Amino acid sequence: MTDENLSSHLAELDLSPSPELAAEANGTEALYAEAEADPEAFWAKQARERLTWAKDFDQTLDWSEAPFAKWYVGGQLNAAYNCVDRHVEAGNGDRVALHFEGEGGDTRTVTYAQLKDDVCKAANALTELGVEKGDRVAIYLPMIPEAVATMLACARLGAPHSVIFGGFSAEALRTRINDAEAKVVVTADGQWRRGKAAPLKPAVDEALAGDATPVEKVLVVKRTESDVDWTEGRDVWWSDVVDRQSTEHTPEPMDSEHPLFILYTSGTTGKPKGIFHTTAGYLTQAAYTNSVVHDVHPETDVYWCTADIGWVTGHTYIVYGPLANGATQVLYEGTPDTPHQGRWWEIAQKYKVSILYTAPTAIRTFMKWGADIPAKYDLSSIRVLGSVGEPINPEAWLWYRKNIGNDTAPIVDTWWQTETGAIMISPLPGVTTLEPGSAQKPIPGISAEILDDDGKPLTDPEAVGYLVLTKPWPSMLRGIWGDPERYKETYWSRFGDKYYFAGDGAKYDDKGNIWLLGRVDDVMNVSGHRLSTAEIESALVSHPSVAEAAVVGATDETTGQAVVAFVILRGGAQDDGDATVQELRNHVAKEIGPIAKPRQIMVVPELPKTRSGKIMRRLLRDVAENREVGDVTTLADDSVMNLIQQGMGSGKED
Ligand code: WT7
C-alpha cells in the first residue's frame, strides 16, 4: 500500500471501541479522572484491591530521597503467595495456570494447585542448596514451566533472581553472574530450537571457569537429554534434588521494598546495567496493567504473551502480572516456524487464545510469510491484541488486526521499558479510540511530557522532543545494582531530578496522541531487543584483528533496526573479505550472543571523526541506510566518507 492509500484507508476505519467491549472491559474512562485527582490514593487503592498483604502499608509513597523511591512503606507481602497460593486458597486450584507447549509437541497442563506444589518444592530445594533471603540466583533456562516455578521460588524466599536470556553467550553470562554475585545458577542441559537441541549448560560451565566465581551450586533441569560435563560437588540434577522435596513451604512476608529481581539491559556504555525492581510496587503495577491494558478476565480468557522470560516482558506479562491475577496462559518454548510457519496459529486455535501480546518484528515476519497461513486456522477466539518493544508501523497494525484479530480486535500498542517495570503508555481496550502507530497516552496513574532540548514542555503537534515521566510510579526501577550514581546520572540528570529521562524521542499529533520515535541515545532496538552500540564495539575491538570499530543501528524492514558495523583492521591483520567478516560476526556472537551479530560489517580504512575525535555515527548511518551522506563539514578529514563509500556493498550478511 502506498502512504496515501494507507492514510485514506485508515481514515475510513472506525476505531472507536465497540459497545460490547466497552461494557465488559476492565478499564474505564473514569479511571483517568480518579488517578488524576489523587495519584497516590489511586495507587494505594490498586495495591490494596489487587494484592493480598500480610501487613498493610502505612505510607503510599516516600519520595523524600528522590530519585530513590519507596512505595507502600511499612507493608509486607510475598509475591509468590500472591501469584499462586491465594488462588488455591480461593478455590481456584483446578484452574489452568499454564498450557505449556514444547517445541517438539510435548505438552503439560499446570493448574494453580500444581504450580503451587512446584514452587514450594523448588523453594525447598533452593533452601537445601544454601539459598537464603537476599542471596541472588541466576536463571538460564528455556521457556519451560520450571523457569516460572524457579522465578516464583526465588520470590518466595526473598532471593532476587537474575534471569539471563538463553540466547546470551558464556561471556555475557559471566559478566551478569559476577555483577550480581549469584550464589546459585539454575539451568538446563539444553533447549529445543528449530528442531535441534541447543546446549545451555556448556555456557554455564564456561562462565564459571577460571577466576573465582561466586557460584556455589548449579541446578540442572533435564530438557534435551544431552550429554553434559559434570562438576561433582557443584552440579546437581533438578530430578534428584527438586522432585523429592515436600510440597509444603510457608511463604515469608517480605518488606514492600525487598528486591524482587535484577534484570540486565543495555545502556549507552559497554557495561550492561543491572536494573532492579522491588516487591510491592512492581507487583501492583504488573497486576493492574495486565488487567486494564490486556483486559484479562481470569475466569474466561486464555492469554498468551509470546516473549521470552529472559526479557522484562516475560517477567511482567508471563510471570508476575497474569499469575497475580490468576489468569490462564499459554507458554510456548519454541520458534514460530517450527515445524511450520503456522505454529503460533495452530497453538492459538488449540487453546482458544483470546488475548495475544507480541512484538512488531514478529508481525512483520508473519506478513512476509503471507496472510494465507493464519487464514488456515480458526482464530475467532481472539478479542484483544497487544504490541510491545518498538513502534508498530500502521501497515503491520492493520495486517495484525485484519488477519489475526478478525478485523475487530483492538490493538494495544504498549510503550514501556525494563526500567519502568510495567506498561506506561497505551490505549485501553473498550475505552480508547485507536490510532494505528501511536501508543497514544499515559495509562491512568502515569504522567508524561515531551521536552525540547532546553527542558521546555512541547505541546504543538509534530514538534519532536524527548519523552520524560513526570511523577514516580510504583513499578519504577529502584536503581542500578551496585551503582546508585549511574542510576541518577542516566535517568535523573538530563532534565534535572524532577524528570525521568526515558531515552526515547517523541511527539504529539493534532489529536494529542503521543508517537514514540525511537531511541535518542546509542541504544539500538533489533527485533525488540535492546542492544548497545558501545557493547558491540567493545566486542569487535576485543578481536585481535580489529583496531577500531563503530556500530550503528540501520533501519531494517523486518527487525526495525539492524546492527551495521564499520571496522578498521590492525596493521598486521589481513582483510580476507568474506572470511574476515564471518569471523568477526561469529566473534560478536561469542562475546555477547547471536542476537548481537551485525547484519553487515564493512572493513574501512578510516572512520569519520570530528576534530575532537568523536565518531560521527550520523554519517555512518547514512551509509548503512544507502542515503546520500549528510553534512560533512565538521569532519577532521572530509575525504574519509568517499573512501568509506567506495568500499560499500561488501560484507553483507550470509
Ligand atoms: C525500549 C525499551 C517494554 C518491554 C520490551 C522492551 C522501545 C518499547 C515500545 C512501543 C515504541 C517502544 C523504546 C524503549 N519500545 N515498546 N510500544 N513503541 N517504542 O524493553 O528492552 O527495556 O526496551 O523499547 O525505545 O525505550 P527494553
Side-chain angles (χ1 to χ4, degrees), residues 163-165 167-168 261-268 272-277 282 285-286 289-290 293-294 305-321 357-364 385-394 396-397 400 411-427 434-443 446 448 450 466-469 475-477 480 490-491 494 500-507 513-532 535 553 559-561 595-596:
V163 182
I164 299 149
F165 175 58
F168 275 122
F261 67 85
I262 307 170
L263 186 58
Y264 286 84
T265 188
S266 297
T268 50
K273 300 181 281 199
I275 303 299
F276 80 93
H277 286 281
Y282 172 80
Q285 200 171 325
T289 48
N290 179 244
V293 179
H294 297 116
C305 166
T306 67
D308 191 283
I309 49 142
W311 309 111
V312 74
T313 309
H315 282 59
T316 310
Y317 297 112
I318 293 176
V319 181
Y320 292 105
Y357 191 37
T358 193
T361 185
I363 298 161
R364 290 193 296 266
L385 295 172
S387 173
V388 60
E390 56 172 316
I392 176 166
N393 48 310
W397 196 104
Y400 192 29
I411 298 175
V412 288
D413 174 1
T414 61
W415 178 90
W416 58 295
Q417 311 176 297
T418 305
E419 291 88 340
T420 70
I423 294 168
M424 305 293 283
I425 303 180
S426 171
L434 303 170
E435 184 67 41
S438 161
Q440 302 195 264
K441 63 176 179 167
I443 59 167
I446 301 301
I450 299 171
Y466 305 94
L467 180 75
V468 294
L469 302 167
S475 65
M476 64 194 280
L477 75 164
I480 295 176
T490 311
Y491 304 106
R494 176 69 178 80
Y500 170 87
F501 174 63
D504 277 303
K507 64 173 189 185
N513 291 306
I514 296 176
W515 290 70
L516 278 312
L517 303 172
R519 302 287 309 189
V520 295
D521 50 14
D522 292 330
V523 169
M524 296 170 291
N525 190 328
V526 179
S527 298
H529 297 152
R530 208 159 132 180
L531 297 171
S532 126
E535 208 177 338
T559 58
Q561 281 188 312
I595 46 165

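Model, not experiment: these values are computed from the prediction. Order of appearance sets the numbers: ligands from 1, and atoms from 1 within every ligand.
- Proximity of T361 to H529: side-chain heavy atoms (C-beta onward) are nowhere separated by under 4.5 Å.
- Scanning the protein heavy atoms around atom 3 (C) of ligand 1, the nearest turns out to be W416 O, 3.1 Å.
- Residue contacts with ligand 1, taken as heavy atom pairs separated by less than 4.0 Å, involve Q417 via backbone and side-chain atoms alike.
- A donor and an acceptor atom, one from each side chain of Y264 and T418, are nowhere located under 3.5 Å apart.
- Heavy atoms of V312 found under 4.0 angstrom from ligand 1 belong exclusively to the side chain.
- Contact check for H294 versus I423: side-chain heavy atoms found under the 4.5 Å cut-off.
- Atom 23 (O) of ligand 1 has as its closest protein heavy atom R530 CD, 3.3 Å.
- Donor-acceptor pairing under 3.5 Å is recorded for the side chains of Y317 and T289.
- A side-chain donor-acceptor contact under 3.5 Å links Y357 and T414.
- Using bins of under 30°, 30° to 60° and over 60° for the plane-to-plane angle, the ring pair H277/F261 lands in the tilted bin.
- Here L385 contributes atom CG and D413 contributes atom CG; the two are 12.0 Å apart, rounded to the nearest 0.5 Å.
- For a threshold of 3.5 Å applied to N or O pairs, the pair formed by D413 and ligand 1 contains at least one separation below that value.
- At a 4.0 Å heavy-atom cut-off, ligand 1 touches R519 through the side chain alone.
- Between G389 and ligand 1, a contact under 3.5 Å exists for at least one N or O pair.
- Using a 4.5 Å heavy-atom cutoff, the side chains of I514 and W415 are not in contact.
- The N/O atoms of T418, backbone and side chain alike, include one that comes under 3.5 Å of an N/O atom in ligand 1.
- Ligand 1 has no atom lying under 4.0 Å from any heavy atom of A439.
- Taking every heavy atom of T414 and a limit of under 4.0 angstrom, the matching atoms of ligand 1 come to 9 (C), 10 (C), 16 (N), 17 (N).
- Ligand-side atoms of ligand 1 in range of V388: 3 (C), 4 (C), range being under 4.0 angstrom from any heavy atom.
- Residue P391 approaches ligand 1 through these ligand atoms, each under 4.0 Å from one of its heavy atoms: 11 (C), 18 (N), 19 (N).
- Around atom 6 (C) of ligand 1, the closest heavy atom drawn from G437, G528, S266 belongs to G528.
- Remark: minimum distance from atom 25 (O) of ligand 1 to any protein heavy atom is reached at D504 OD1, 2.6 Å.
- Proximity of a side-chain donor or acceptor of T265 to a complementary backbone N or O of K273 within less than 3.5 Å is not detected.
- Looking only at heavy atoms of the protein, atom 10 (C) of ligand 1 is closest to E390 O, 3.5 Å.
- Partner F276 forms a side chain to side chain contact (heavy atoms under 4.5 Å, CB included) with one of L263, L477, I262, I480 and no other, that one being I262.
- Listed by atom number, the atoms of ligand 1 under 4.0 Å from T313 heavy atoms are 4 (C), 5 (C).
- Atom numbering of ligand 1 starts at 1 in the shown order; those under 4.0 Å from a heavy atom of N525 are 7 (C), 24 (O).
- Side-chain polar atoms of S266 and S532 form no donor-acceptor pair below 3.5 angstrom.
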